[in-house]
Amino acid sequence: MENFKYCMHCGTKLPNNAKFCMECGKPTELNYDNYVERKESIEEKLKRLLKDSSMNEGNIKNISIILSSEGYSIGVKANRAKFLLNNKIINDDEYNELLDFINKSIPTSLHSPKNGQENVVRCPKCGSTSIITTNKKLSVKRAVVGTMLLNPIGGAVGAVTSKKMFNVCQKCGHKWKL
C-alpha cells in the first residue's frame, strides 16, 4: 500500500496521513460534515428578486415595501406578502417564513398602540400617519341650488363648499371617505 497521496487542489505529493497540503495549505479530504448547504433566507431571496429583470413593477414594489424599514404596518406588509404568494413569486413555506420576518422586522412598540395612540389614523394603502382631512371637493348639487336661490355668485360658493369629508395621505396621495 502507498504511503503517500496527492493534493486534490494542487497535485503535490503528500504523506498518507496529511490533513492539509504542505504546498497550498488546503484540506486534503472533503469532509462533508463541515459543508452544510445553507438555505437562502427569505430576505436574501427578496433582495435577489429585486435585481431580477423579469420581475414586473407591481411585484418589485411589493417586495420593496416588505423590505422597507419605513412606517409600513404589519398589515400592509402582510398584504404585500399575500400578493407575492398569489402571484406565485413565493411558495407557502416561504410565505410563512416571510410573515415571521415581517413580525420580527417591525419593533414591538408598533405592534400594539401605546396609551393615547389608539386613534391614530393610518393610510390603508401605505400605512403612513401623514394624513390630512379635507372637504375640498366640488359639489354640483350645491352649485345648482346656489345659482337658483341667489345668483351666479351663490353658485360659485355652493360649488366650492361640500359636506363630504375625506382623508388624503400625504405620502402616497390615496383618498378615502370618512
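Quick caveat: nothing in here was measured; it's all calculated off a predicted structure.
- The shortest non-hydrogen separation linking I66 to A81 is CD1-N, 3.6 Å.
- In Y95, the OH atom is crowded: over 12 heavy atoms of neighbouring residues, nucleotides or ligands sit closer than 6.0 Å.
- Put simply, CG on N103 and CG on L98 are 10.0 Å apart, with the number rounded to the nearest 0.5 Å.
- Placement of I42 and L85 within a single hydrophobic cluster is found when ILVMFWY residues are connected by side-chain heavy-atom separations under 4.5 Å, directly or transitively.
- Not a single donor-acceptor pair under 3.5 Å links the side chain of D52 to the backbone N or O of R48.
- When side chains are defined from C-beta on, L67 counts as touching F101, because their heavy atoms get closer than 4.5 Å.
- A distance-only check finds no donor-acceptor pair linking the side chain of N87 to the backbone of I89 [under 3.5 Å].
- Looking at heavy atoms from C-beta onward, W176 lies in side-chain contact with I131 at the 4.5 angstrom threshold.
- For K26 (side chain) and C10 (main-chain N/O), no donor-acceptor pair under 3.5 Å exists by modelled atom type.
- Residues passing the side-chain hydrogen bond (donor to acceptor under 3.5 Å, both in side chains) test with N167 are T133, sequence neighbours excluded.
- R122 has its side chain out of reach of V76: every pair of non-hydrogen atoms, C-beta onward, lies at least 4.5 Å apart.
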Let me see the working for L49 and L84 under side-chain contact (heavy atoms from CB on, under 4.5 Å), right down to the final yes or no. CA-CA 11 Å; L49 289 173; L84 295 177; over 6 Å; no
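- Hydrophobic clustering of Ile, Leu, Val, Met, Phe, Trp and Tyr side chains at less than 4.5 Å, counting indirect connections, unites I63 with L99.
- Atom SG of C169 and atom NE2 of H174 lie 8.5 Å apart (nearest 0.5 Å).
- Between the side chain of E23 and the backbone N or O of T12, no donor-acceptor pair lies under 3.5 Å.
- Between Q170 and S128 the shortest side-chain heavy-atom distance does not fall below 4.5 Å.
- Nearest approach of N91 to D93, heavy atoms of both residues: OD1-N, 3.1 Å.
- Remark: side-chain polar atoms of T28 are paired, donor with acceptor, to backbone N or O of K19 under 3.5 angstrom.
- Remark: K47 engages E43 in a salt bridge (Lys or Arg N to Asp or Glu O under 4.0 Å) (not counting sequence neighbours).
- Under a cut-off of 6.0 angstrom, the local environment of NZ in K125 is sparse, with at most 12 non-hydrogen atoms contributed by other residues, nucleotides or ligands.
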R80 and I102: CA distance, side-chain angles, deciding distance, side-chain contact (heavy atoms from CB on, under 4.5 Å) verdict: CA-CA 11 Å; R80 301 304 172 122; I102 290 169; over 6 Å; no
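- Distance check, rounded to the nearest 0.5 Å: CD1 of I65 to CD1 of I60 gives 12.5 Å.
- Between P15 and M22, the closest heavy-atom pair is CD-CE, 3.5 Å.
- Looking at K5, its side chain never comes within 3.5 Å of a backbone N or O of L14 through a donor-acceptor pair.
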